[in-house]
Visitor: 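Provided herewith is a single structure, encoded as structure tokens, for subsequent inquiry.
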Amino acid sequence: MEWVKTNHVKRALRDGRPTAGAWLHLCSGISAEIMSRAGFDWLLIDMEHGHGDYQTLLAQLQAIEGSPVIPVVRVQWNDAAVIKRVLDLGAYGVMVPWVGNRAEVEAAVRASKYPPAGIRGIAGSHRAGGYGRQAAEYWKRANDEILVVIQIETAGAVGDIEAIVQVPGVDVVFIGPADLSTGLGHMGDPGHPVVQAAFERIETAAKAHGIALGNITRNWEQARELYKRGYQFLTLGSDTALVVQGANELVARFAKEVRGT
């Protein structure tokens, strides 16, 4: 078994190929295992708005381990200590929310990389390094295999986007449509012309510098359109949404066909 994974998602993005992912919100190793066997390229464990902690994160990473899926974690904040712990646990990518400018993006990249490219602390005992068995191999390969995803969801980040996409080490710029539309004064309306103009500015900057584009999708029709527009890193759903959707559909059919309501 290859302990240090070859990050096939990172290579696909560099080659300009689209990838498919999904959120993990349920903090469950079982739902993580189910989703990892569905055929997604990557799964995004949410520690910003999700309800889990490091122990639930560990369980999800262990559940995913037996599949080729690349585990990515959205951390709570742009904090080097948090990023270090998530990577030491075995994540092969981090999504950093709420970056506001180039300097904050540079800090996120440094936190994700070992020296000389960054400031991530060296340890030999953590899970990512096989609890010491493969630490030397991990140290050599981690900088090349870890995916760095920067979430663009503030007006400041949009204003500095041309500089952000030029930061070495950024693999994906991922639009946060809800927070970005709110920050631009149009809460709940990502379709507003002002918000759409911001999306276009982000898209143009990322494509000009060969950085992959990411976004959240609510249905397959939206995902199809974004893939056509050149997005490569899309969430197609979540464990929570699939449970809610399935439950709602079953109850609605019962109410209609049995109760007649």
Side-chain angles (χ1 to χ4, degrees), residues 8-9 12 17-76 86 89-95 97 147 149 151 153 172 174-182 187-191 199 213-229 231-261:
H8 59 85
V9 171
R17 290 180 278 128
T19 65
W23 294 96
L24 296 180
H25 290 137
L26 291 178
C27 315
S28 165
I30 292 175
S31 71
E33 185 175 34
I34 291 170
M35 296 288 280
S36 75
R37 296 184 181 188
F40 291 105
D41 298 305
W42 46 273
L43 291 171
L44 183 53
I45 302 168
D46 190 4
M47 292 190 72
E48 182 191 14
H49 293 294
H51 308 300
D53 55 23
Y54 290 113
Q55 290 303 308
T56 57
L57 171 60
L58 172 60
Q60 291 172 93
L61 292 171
Q62 289 173 324
I64 293 169
E65 186 67 37
S67 77
V69 169
I70 296 299
V72 183
V73 177
R74 178 162 72 172
V75 295
Q76 301 94 308
V86 163
L89 275 172
Y92 272 79
V94 289
M95 176 186 283
L147 187 74
V149 183
Q151 196 158 15
E153 50 190 344
V172 182
F174 190 99
I175 295 173
D179 279 314
L180 184 53
S181 58
T182 300
M187 181 184 289
D189 188 11
F199 289 177
L213 282 161
N215 209 326
I216 298 167
T217 67
R218 305 299 180 188
N219 51 59
W220 175 245
E221 289 69 26
Q222 182 186 21
R224 182 172 54 206
E225 290 305 310
L226 289 178
Y227 280 128
K228 288 180 181 178
R229 282 165 57 177
Y231 283 75
Q232 297 173 253
F233 193 85
L234 299 178
T235 57
L236 305 183
S238 73
D239 52 1
T240 300
L242 291 169
V243 171
V244 170
Q245 179 182 346
N248 286 350
E249 288 177 356
L250 285 173
V251 173
R253 293 197 68 171
F254 167 76
K256 180 180 178 180
E257 299 179 22
V258 178
R259 284 184 175 163
T261 58

Visitor: Are any non-hydrogen side-chain atoms of L242 and M35 less than 4.5 angstrom apart?
Guide: yes
Visitor: Looking at E33 and R37, does any basic side-chain N land under 4.0 Å from a carboxylate oxygen?
Guide: yes
Visitor: Looking at OG1 of T235 and CZ of R218, how far apart are the two atoms once the value is rounded to the nearest 0.5 Å?
Guide: 7.5 Å
Visitor: Nearest 0.5 Å please: distance from the CG atom of L57 over to the CD atom of Q60.
Guide: 6.5 Å
Visitor: Evaluate whether atom NE2 of H51 has more than 12 neighbouring non-hydrogen atoms of other residues, nucleotides or ligands under 6.0 angstrom away.
Guide: no
Visitor: Rounded to the nearest 0.5 Å, what separation is found between the CG atom of D46 and the CE atom of M95?
Guide: 8.5 Å
Visitor: Using a distance-only test with no angle check, is there a side-chain donor-acceptor pair under 3.5 angstrom linking D41 and T19?
Guide: no
Visitor: Which pair of heavy atoms, one from A20 and one from Y227, lies closest together, and at what distance?
Guide: CA-OH, 3.7 Å
Visitor: Quick one: are V86 and I45 in side-chain contact, heavy atoms under 4.5 Å?
Guide: no
Visitor: To check you understand the geometry: which heavy-atom pair defines the closest contact between S36 and A63, and what is its length?
Guide: OG-O, 4.1 Å
Visitor: Does the side chain of L147 reach to within under 4.5 Å of the side chain of I70, using non-hydrogen atoms?
Guide: no
Visitor: Just how far is it from atom CG of D189 to atom OG1 of T182, taken to the nearest 0.5 Å?
Guide: 10.0 Å
Visitor: Heavy atoms only: give me the nearest M47-G52 pair and the separation to one decimal.
Guide: CE-O, 4.4 Å
Visitor: From L43 CG over to Y92 OH, what is the distance, rounded to the nearest 0.5 angstrom?
Guide: 15.5 Å
Visitor: Do L44 and V149 pass the side-chain contact (heavy atoms from CB on, under 4.5 Å) test, and can you show the C-alpha distance, the side-chain angles, and the key distance before you say yes or no?
Guide: CA-CA 11 Å; L44 183 53; V149 183; over 6 Å; no
Visitor: In Å and rounded to the nearest 0.5 Å, what is the CG to CD distance from N215 to Q232?
Guide: 13.0 Å
Visitor: Determine the minimum heavy-atom distance between E48 and Q151, stating which atoms define it.
Guide: OE1-OE1, 4.4 Å
Visitor: I'd like to know if the side chain of D239 and the backbone of S31 have a donor-acceptor N/O pair within less than 3.5 Å.
Guide: no
Visitor: Please lay out, stage by stage, how V73 and L89 fare under the test side-chain contact (heavy atoms from CB on, under 4.5 Å).
Guide: CA-CA 11 Å; V73 177; L89 275 172; over 6 Å; no
Visitor: For S238 versus A241, what's the shortest heavy-atom pair and its separation?
Guide: OG-N, 2.9 Å
Visitor: Determine the minimum heavy-atom distance between L234 and W42, stating which atoms define it.
Guide: O-CZ2, 3.4 Å
Visitor: Could you check whether the rings of F174 and W23 sit parallel, tilted or perpendicular, using 30° and 60° as the cut-offs?
Guide: perpendicular
